[in-house]
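Here's the structure, in structure tokens; my notes come after.
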Amino acid sequence: MAPRAGQPGLRGPLLQGQLLPGLLLAAAALSRPVAPCPFQCYCFGSPRLLLRCASGAELRQPPRDVPPDARNLTIVGANLTVLRAAAFADGDADGEEAATPGVRLPFLTALRLTHNNIEVVEDGAFDGLPSLAALDLSHNPLRALGGGAFRGLPALRSLQLNHALARGGPALLDELDAALAPLAELRLLGLAGNALSRLPPAALRLPRLEQLDAHLNALAGLGPDELRALERDGGLPGPRLLLADNPLRCGCAARPLLAWLRNATERVPDARRLRCAAPRALIDRPLLDLDEARLRCADGDLDGRGEETDAAGPELEASYVFFGLVLALIGLIFLMVLYLNRRGIQRWMRNLREACRDQMEGYHYRYEQDADPRRAPAPAAPAGSRATSPGSGL
């Protein structure tokens with residue numbers, strides 16, 4: 001609609017009043033210095049800066065030129081091998097620990113270091129990250145973990161170590177137990193796929209832990225001490241526990257675990273997926289579907305190692321009884337057939353006996369004939385003599 005006559009200047013001040021704040025904000029944003037993105041990394045967003053570095057085998061230490069306002073840092077597919085002390089703090093480029101490591105990334109809240117071939121994490125490797133709340137070291141072949149590896153992470157809430165501890169053996173599990181002790185604020189701990197035969201005691205004692213992911217390990221069960229450690233004093237809720245895909249041994253040692261599961265099913269979201277791996281008679285049976293009477297040990301064995309014989313007893317006895325009944329039925333049928341055909345069997349036996357007697361008589365007659373001297377063959381004529389006949393006259 002065309003402007004009315006006599007009001008030519010109404011829209012000018014109005015447009016200026018609307019555009020002026022936007023222009024001021026744009027000028028402020030342009031005047032703010034922007035930190036460069038590290039080499040071979042991708043930076044997304046501001047001010048919550050997200051970095052993703054996938055440099056391949058060329059990257060052997062964390063990048064030193066990460067913008068100080070970075071909030072999320074992801075390094076995937078590198079060859080870091082060793083995370084030295086204060087690897088993400090201000091210090092020497094060679095990775096040597098400084099006397100007082102400075103805070104270089106004060107706003108970093110999430111650090112993801114998966115698939116980086118990390119084998120060693122030294123003490124204080126994450127010093128200088130006061131705001132870090134989530135750390136992911138999954139899918140790294142860890143062999144050594146310093147007892148103070150996580151000491152500089154007071155705000156850590158989530159720690160993922162999935163598929164990272166299988167190569168370290170029992171010694172690495174002891175080191176992990178010491179490294180977890182200072183993490184009083186930890187809420188989520190991931191230990192899946194590590195072939196653990198037991199849970200780290202320090203993980204069960206974390207006061208604020210809300211979930212412990214221990215599926216896909218080598219846990220044969222949980223003992224009474226571990227179950228007691230999962231409870232909290234003062235009526236506080238204990239942590240949730242993920243235990244699926246573990247080779248549970250359903251013997252007498254599994255009775256405390258079964259009773260605990262039935263009283264706190266909500267604490268184990270995957271409780272219905274827990275299945276027995278031993279004894280043989282209970283393989284692949286859901287643990288929650290079993291009665292405690294089925295979880296028995298062999299005589300004199302209270303640690304669950306000999307329950308296979310006793311727990312499998314009822315099923316084996318039933319199979320043996322059934323097999324015996326089948327054999328008895330077959331034998332009874334065989335005897336009935338013999339009884340119903342007794343005359344035919346007698347006739348067959350008589351004919352067989354007569355045939356054998358005739359055969360033996362034939363052998364005896366031929367033997368006598370061969371032994372008669374009158375039936376001996378005539379001696380052969382000497383060589384060179386002439387055979388003469390009676391009428392030859394010679």
Side-chain angles (χ1 to χ4, degrees), residues 166 192-199 214-228 230 241-353 355-356:
N194 287 313
L196 300 179
S197 59
R198 62 179 178 87
L199 295 178
H215 81 277
L216 199 63
N217 278 289
L219 299 174
L222 296 180
D225 295 338
E226 293 172 311
L227 296 175
R228 281 193 295 268
L230 289 171
L241 189 61
L242 301 180
L243 288 174
D245 302 317
N246 277 287
L248 300 180
R249 191 171 187 85
C250 299
C252 62
R255 291 176 184 172
L257 175 60
L258 180 58
W260 182 78
L261 286 174
R262 288 175 174 168
N263 294 329
T265 307
E266 69 283 353
R267 298 268 303 277
V268 185
D270 56 359
R272 292 292 174 185
R273 295 172 54 195
L274 302 184
R275 296 183 176 273
C276 299
R280 188 179 298 106
L282 300 179
I283 288 178
D284 208 33
R285 292 284 300 275
L287 178 60
L288 288 179
D289 292 348
L290 300 178
D291 296 328
E292 289 191 10
R294 302 287 300 277
L295 306 179
R296 294 181 293 171
C297 298
D299 295 338
D301 190 357
L302 300 179
D303 59 357
R305 292 176 297 176
E307 76 276 6
E308 183 169 347
T309 303
D310 196 73
E315 290 77 11
L316 291 179
E317 290 177 1
S319 62
Y320 291 154
V321 171
F322 179 76
F323 183 66
L325 291 176
V326 171
L327 291 180
L329 181 61
I330 293 175
L332 181 61
I333 293 174
F334 180 72
L335 292 177
M336 290 180 63
V337 170
L338 292 179
Y339 176 76
L340 295 175
N341 292 277
R342 61 188 183 280
R343 290 187 177 86
I345 294 174
Q346 290 175 356
R347 189 181 308 111
W348 179 77
M349 292 295 294
R350 188 182 307 112
N351 294 337
L352 181 60
R353 185 170 58 253
C356 291

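The model shown is predicted, which means the values in this text are computed figures rather than measured ones.
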Point to revise | Non-hydrogen side-chain atoms of L282 and P279 separated by less than 4.5 Å | key: yes
Please report, to 0.1 Å, the donor-acceptor pairs under 3.5 Å made by any side chain of residues 322-345, with sequence neighbours excluded.
from : atom 1 : to   : atom 2 : distance (Å)
N341 : ND2    : V337 : O      : 2.9
R342 : NH1    : Y339 : O      : 2.9

Check your understanding: Where is the tightest heavy-atom contact between L241 and D270, given as atom of each residue plus distance?
Key -> O-OD1, 3.8 Å
Study note, to complete from the structure: One should read off an interatomic distance between C356 SG and N351 CG, to the nearest 0.5 angstrom, of 11.0 Å
**Study point:** Minimum heavy-atom distance between P247 and A218, given as atom pair plus value
**Key:** CD-CA, 3.8 Å
Exercise for review: Would you name the heavy atoms of L274 and L243 that are closest together and state the gap between them?
Suggested key: CD2-O, 3.3 Å
Revision key, fill the gap. In terms of heavy-atom contacts, R273 and D245 come closest through NH2-OD2, 3.3 Å
Point to revise | Side chain proximity check, R275 to L248, heavy atoms < 4.5 angstrom | key: no
Donor-acceptor list for residues 253-261 side chains, cut-off 3.5 Å, not counting sequence neighbours:
from : atom 1 : to   : atom 2 : distance (Å)
R255 : NE     : L295 : O      : 2.6
R255 : NH2    : L295 : O      : 2.6
W260 : NE1    : E231 : OE2    : 2.8

Review point. Within a reach of under 6.0 Å around CZ of R272, are more than 12 heavy atoms found that belong to other residues, nucleotides or ligands?
Key: no
Point to revise | Closest non-hydrogen atom pair, N194 against N217 | key: N-OD1, 2.9 Å
Check your understanding: Shortest non-hydrogen contact from L290 to C276?
Key -> CD1-SG, 3.6 Å
Check your understanding: Does R285 reach the main-chain N or O of C250 with its side chain, forming a donor-acceptor pair under 3.5 Å?
Key -> no
